[in-house]
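Step one of this worksheet: look at the structure below.
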Amino acid sequence: MPGTGFFCSPMAAAPRRACPRTGAEIRAAFLDFYEQRGHKAMASASLIPDDPTVLLTIAGMLPFKPVFLGQAPAPAPRATSSQKCIRTNDIENVGRTARHHTFFEMLGNFSFGDYFKEQAITWAWELSTEVFGLSPNNLVVSVFREDDEAEAIWRDRVGVNPKRIIRLDEADNFWASGPTGPCGPCSEIYYDFKPELGDDGIDLEDDSRFIEFYNLVFMQSNRDAGGTLTPLAARNIDTGLGLERMAQILQGVPNNYETDLIYPLIETAAQLAGVDYRALDTKGKTSLKVIGDHSRAITQLICDGVTASNLGRGYILRRLLRRVVRHGRLLGIDRPFLAAMGEASITLMAAAYPQLLERREVILAELEREEARFLETLERGEKLLAEVLAAKPSQISGEQAFELYDTYGFPLELTEEIAEEHGLTVDLAGFEAAMEAQRQRAKAAAVSIDLTLQGAIEQMAAAAEATAFKGYEQLEHPCCVLALVANGEPAERAGAGDSVQLVLDSTPFYGEGGGQVGDRGVLSGDGVIVAIEGVSRNRSVFVHSGQIERGSLAIGALVTARVDAACRRRAQANHTATHLLQAALKQIVDPAIGQAGSLVDFDRLRFDFHCPRAVTPAELEQIEALINGWISEAHTLQVAEMAIEQAKAAGAVAMFGEKYADVVRVVDVPGVSMELCGGTHVANTAEIGLFKIVSESGVAAGIRRIEAVAGPAVLAYLKEREAVVKPLAERFKAQPGEIVERVVALADELKATQKALAVARSELASAKAGALVHKAEPLGDFRLLVARLDGVDGAGLQNAAQGLADQLGDGAAVVLGGLPDPADLAKVILVAAFGAAVVAAGPKAGAFIGGVAKACGGGGGGRPNLAQAGGRDGAALDGALVQAREELRMSLLEG
RNA sequence: GGGGAAUUAGCUCAGCUGGUAGAGCGCUGCGAUCGCACCGCAGAGGUCAGGGGUUCGAGUCCCCUAUUCUCCA
């Protein structure tokens, strides 16, 4: 640690107990403090949020947002957590300021309609002064401009010097989750590094003096569409204390990066680069800070199941990761080092996040893969840039720099750096303009969609209550229509022929999810029949899509929903088979194999899994045999609902990164497979009948895909194959087992024959051509030869012409025309080969042959010395050749 | 979700404004060597990702699809 002389607080007169100092101690002290005060300690949620409107967990309260919005029940009246978060909107500031992070931990205490403002404030103060040992002289608080109540509590109840209570505007001290909904004023606690400057003229914006470390949100109002605030019945408390900031304060270091939460990573990177952090200039330090910060972020992201890609959070990971590589190179690290950083990050954070150890292999492998990929990108970019530089430009244009960046992912700074080495600059304004133009294009294209069918469906689903799913037990169920979208518009009623989406109060239809497709079937009742073609889920609302075949349907109608049992059985067979496949893969290939996605359709199944290599054909055979063994052993499935802890303790396989409710459904094939799964399954493995792997392939780096069929779908698959094999066997008069041999032999023979034919043709052509040499007519210094040569293809004719021209010397003017296939008058080929003297005298082969071809209903061109043309009128060929000879004679005589 | 680019021999890639598909490495054979490596000679290996279109003619131009890379949101 660079900071020496640890202190609790400069002013800590008499701390009652040893106050926390390390990041781990601060985290524990915070959680202890609130647990002792009746808060339920919650584990940090994943960085991948439930909330589909945000890409990443960006705030400590995010996992509780549905509670605050009244969409989910509170886990307890009071809760406290240390939540890992990632933010990338200020990514440029990371490493430059003292406290910007991508990855950070937010300590929070929350009240869901329980305690409120006064309690929150007094506890926050007690924690800050008593537990963390901060002197009141070092603290300043802010309150919302209009929040007299909070100010009064700070002043009168807590006893804060009124001069050290600052009122701030909405921008800083009013919280809202959106334009409407719950909201309320905030109050923040700041640490003052320079209390000696006094209480007058305090400017909280001055971050060289103040650092905000604790934010208290008092959720007390609801804002409606008109902007009017009404008091909330159940008022909430949402707070956040930045772990890294508190560590900076308590460890007496100049910035967050030098706390024990990050500094070990900086040391690791410095060692890899062979530099000394303290001896570096600002630029070098910044690079080390970026590496330290981003290393934590990428390690945690991968741990939570993010893989680098070009979309969404995968793209964020990629960008962060590449910045680390980039800054490593700036520091002079010239070999792969991300795995080392990942290793150090895991070691650093493993105590607080043990999952990092479990996922160590995955994390390091992903880091190495992505780093290698980026190094390739850099290499390619450097090559392209070298080509640009080879043209000796006076400047690298904005378009060129942008193309390198946009199309090839080559960082702008690198372009600048390399250009500088060549004494050139980059047109940065042009680059920005090109970037802006790209943004505009994207924007313009993005507006056109939405507010169509998807919009209507979402609107319908948002307004509806969760659909009760009856389909585990029943395939037929009486239901009531709750909401309706007809032909893309919300509707009260729909008639025959309309394509509809509808929500029922309960349903036997399985909604697409967990990889399994939605059920098909019909709704019927009171003269109406609706064919249901698919069912999707919008949160927990099932949306049935289909078409009204007869009658009409209105909201409130009572119908009988009937699932197509045959389809369902096929899906079930495929789904249970998928579980067996995963179990078999673990047994045969690698126990560590984890699911990366799956699809269960009526007629096939697809299973993607993490695996660094291809599964061998021998292994595939073993897998098939194993699964078919399990099928014939007729295992009866046990399906039960239980608490998630219980399920995990029993050894159920959970899919990584998936969200599970507290109560989960466990599908158990006793002794074979146990998985958490909401899908529908056969009652006994014997129902699957048969299992057959159709293909094994790679789908992305480190991910393999197996496609297979099970149950009735196997028969369909066999029929399909038979339809291929049977005609082949008949056509080749061979047993099915001999077909391969036969076809290979035939293909070889065909190739040999074609080759022999080509040789024979070219020999024939050269023989014919050889005979023509004597027909060349002298014309001054020139030797003119116009002849017809049938049965020779384009290449042969060109060879012949070139050969003749070579023999006849510089003055040769050779024009050959012919039908490649004498029986086909619709295809004519013409070739002209002129010697150098001819070209010098005027006639150019390209233009000349084009003119000749015109007479044969075609066109053509080529180089001045050699050109090729074609036509469609074989009958006109002789005439065209006669005319060509005349023209050539004329122009050569003139020349 | 929206741009840009790429896809050619087993591998890495050339192939200009449409006119007979190439190189290096690897592979096979022969030579040289006691043998290996190096070397010399010869050879095999391609539906130019797939499908449409324009054209007399498409690896090359246009459209669609697939896959990969990349930027933006």
Side-chain angles (χ1 to χ4, degrees), chain A residues 53-55 88-89 308-316 318-319 322 370 372-381 383-384 387 399-412 431-432 434-450 452 454 697-701 705 747-748 750-752 754-755 758 761-762 765 792-803 817-820 824 826-833 845-847 849-874 876-877 880:
Chain A
T53 62
V54 283
L55 274 182
T88 54
N89 30 357
S309 74
N310 307 322
L311 318 154
R313 48 183 82 93
Y315 184 56
I316 290 177
R318 171 165 284 173
R319 222 161 36 172
R322 294 186 169 191
E370 184 61 16
R373 221 174 288 169
F374 185 46
L375 292 177
E376 273 174 32
T377 298
L378 290 181
E379 213 169 292
R380 190 179 49 185
K383 207 172 136 190
L384 289 165
E387 280 172 27
E399 288 79 32
Q400 284 170 329
F402 183 71
E403 191 196 350
L404 280 168
Y405 174 73
D406 180 55
T407 303
Y408 301 102
F410 197 68
L412 175 64
F431 179 89
E432 278 307 321
M435 173 83 99
E436 186 53 34
Q438 209 255 38
R439 270 196 207 110
Q440 289 306 324
R441 268 201 309 276
K443 220 180 216 172
V447 190
S448 53
I449 20 164
D450 208 25
T452 51
Q454 200 53 38
S697 59
V699 54
R705 166 172 296 175
D748 286 350
L750 179 64
K751 198 154 222 179
Q754 280 176 338
K755 203 159 194 180
R761 270 197 176 141
S762 84
V792 179
D793 65 3
L797 205 66
Q798 207 171 112
N799 269 331
Q802 185 68 62
L819 306 175
D824 180 9
K827 189 164 172 71
V828 177
I829 294 179
L830 292 158
V831 176
I849 203 71
V852 180
K854 257 192 189 142
C856 300
R863 293 185 293 272
N865 60 329
L866 185 67
Q868 189 180 32
R872 294 196 186 285
D873 186 4
L877 179 57

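Quick caveat: nothing in here was measured; it's all calculated off a predicted structure.
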Atom [atom1] of [X] and atom [atom2] of [N]: how far apart are they, to the nearest Å?
{"X": "A/Ile829", "N": "B/U55", "atom1": "CD1", "atom2": "P", "answer": "18 Å"}
{"X": "A/Glu370", "N": "B/U68", "atom1": "CD", "atom2": "C1'", "answer": "13 Å"}
{"X": "A/Phe402", "N": "B/G4", "atom1": "CZ", "atom2": "P", "answer": "11 Å"}
{"X": "A/Arg373", "N": "B/A6", "atom1": "CZ", "atom2": "P", "answer": "20 Å"}
{"X": "A/Leu384", "N": "B/C13", "atom1": "CG", "atom2": "P", "answer": "11 Å"}
{"X": "A/Tyr405", "N": "B/G4", "atom1": "OH", "atom2": "P", "answer": "17 Å"}
{"X": "A/Ile849", "N": "B/G19", "atom1": "CD1", "atom2": "C1'", "answer": "12 Å"}
{"X": "A/Glu379", "N": "B/A6", "atom1": "CD", "atom2": "P", "answer": "19 Å"}

Minimum heavy-atom distance between [X] and [Y], given as atom pair plus value:
{"X": "A/Ala801", "Y": "A/Val831", "result": "CB-CG1, 3.6 Å"}
{"X": "A/Gly817", "Y": "A/Leu830", "result": "CA-CD2, 3.6 Å"}
{"X": "A/Val828", "Y": "A/Leu819", "result": "CG2-CD2, 3.8 Å"}

Distance, [atom1] atom - from [M] to [N], rounded to whole angstrom:
{"N": "B/G43", "M": "B/G35", "atom1": "C1'", "value": "25 Å"}
{"N": "B/U7", "M": "B/G46", "atom1": "C1'", "value": "14 Å"}
{"N": "B/G10", "M": "B/A73", "atom1": "P", "value": "41 Å"}
{"N": "B/U54", "M": "B/C11", "atom1": "C1'", "value": "35 Å"}
{"N": "B/C39", "M": "B/G57", "atom1": "C1'", "value": "44 Å"}
{"N": "B/C30", "M": "B/C13", "atom1": "P", "value": "33 Å"}
{"N": "B/C16", "M": "B/U8", "atom1": "P", "value": "16 Å"}
{"N": "B/A58", "M": "B/G53", "atom1": "P", "value": "12 Å"}

> Between A/Thr407 and B/A6, is there a side-chain N or O to OP1/OP2 distance below 4.0 Å?
Replying inline: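 False: A/Thr407 side-chain N/O out of range (4.0 Å or more) of B/A6 OP1/OP2.
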> Would you say a side-chain N or O of A/Arg319 is under 4.0 Å from OP1 or OP2 of B/U70?
Replying inline: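 Negative; the distance criterion is not met.
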Considering only side-chain heavy atoms of [X], which listed nucleotide, [options], is closest?
{"X": "A/Arg872", "options": "B/C56, B/U70, B/A73", "value": "B/C56"}
{"X": "A/Thr377", "options": "B/U20, B/G57, B/C69", "value": "B/C69"}
{"X": "A/Gln438", "options": "B/A5, B/C71, B/U70", "value": "B/C71"}
{"X": "A/Arg439", "options": "B/A73, B/C13, B/G3", "value": "B/A73"}

> Touch check for A/Ala867, heavy atoms < 4.0 angstrom, all strands: base, sugar-phosphate only, or nothing?
Replying inline: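 A/Ala867: no heavy atom of the nucleic acid under 4.0 Å.
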> How would you label the contact of A/Gly409 with the nucleic acid (heavy atoms, under 4.0 Å): base, sugar-phosphate, or nothing?
Replying inline: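 Answer is sugar-phosphate: A/Gly409 comes under 4.0 Å of backbone atoms only.
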Under 3.5 Å for both donor-acceptor distances, Watson-Crick or wobble: does [N] have a partner, and if so which one?
{"N": "B/C13", "result": "B/G22"}
{"N": "B/U28", "result": "B/A42"}
{"N": "B/C69", "result": "B/G4"}

> Where do A/Glu436 and A/Glu432 land on the side-chain contact (heavy atoms from CB on, under 4.5 Å) test, with the steps shown first?
Replying inline: CA-CA 6 Å; A/Glu436 186 53 34; A/Glu432 278 307 321; 6.0 Å; no
>> So that I can tick it off, tell me whether A/Arg373 and A/Glu376 are bridged by a salt bridge, with the cut-off set at under 4.0 angstrom between side-chain N and carboxylate O.
In response: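 Looking at A/Glu376 and A/Arg373, the cut-off is not met.
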> Rounded to the nearest 0.5 Å, how far apart are OG1 of A/Thr377 and CG of A/Leu404?
Replying inline: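 Answer rounded to 0.5 Å: 12.0 Å.
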> If you find the nucleotide of RNA chain B closest to A/Lys827 and the one closest to A/Gln802, which residue's nucleotide is nearer the 5' end?
Replying inline: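 Checking each residue's closest nucleotide, the 5'-ward one belongs to A/Gln802.
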>> Return whichever of A/Gly871 or A/Gln868 has its heavy-atom-nearest nucleotide of RNA chain B closer to the 5' end.
In response: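 In this pair, the answer is A/Gln868.
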> Are side-chain heavy atoms of A/Leu384 and A/Tyr408 found at a separation under 4.5 Å?
Replying inline: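 In short, these two side chains touch, coming nearer than 4.5 Å.
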>> Is there, by distance only and without an angle test, a donor paired with an acceptor across the side chain of A/Asn799 and the base of B/U20 below 3.5 Å?
In response: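 Looking at the base of B/U20, it does pair with a donor or acceptor on the side chain of A/Asn799 (distance under 3.5 Å).
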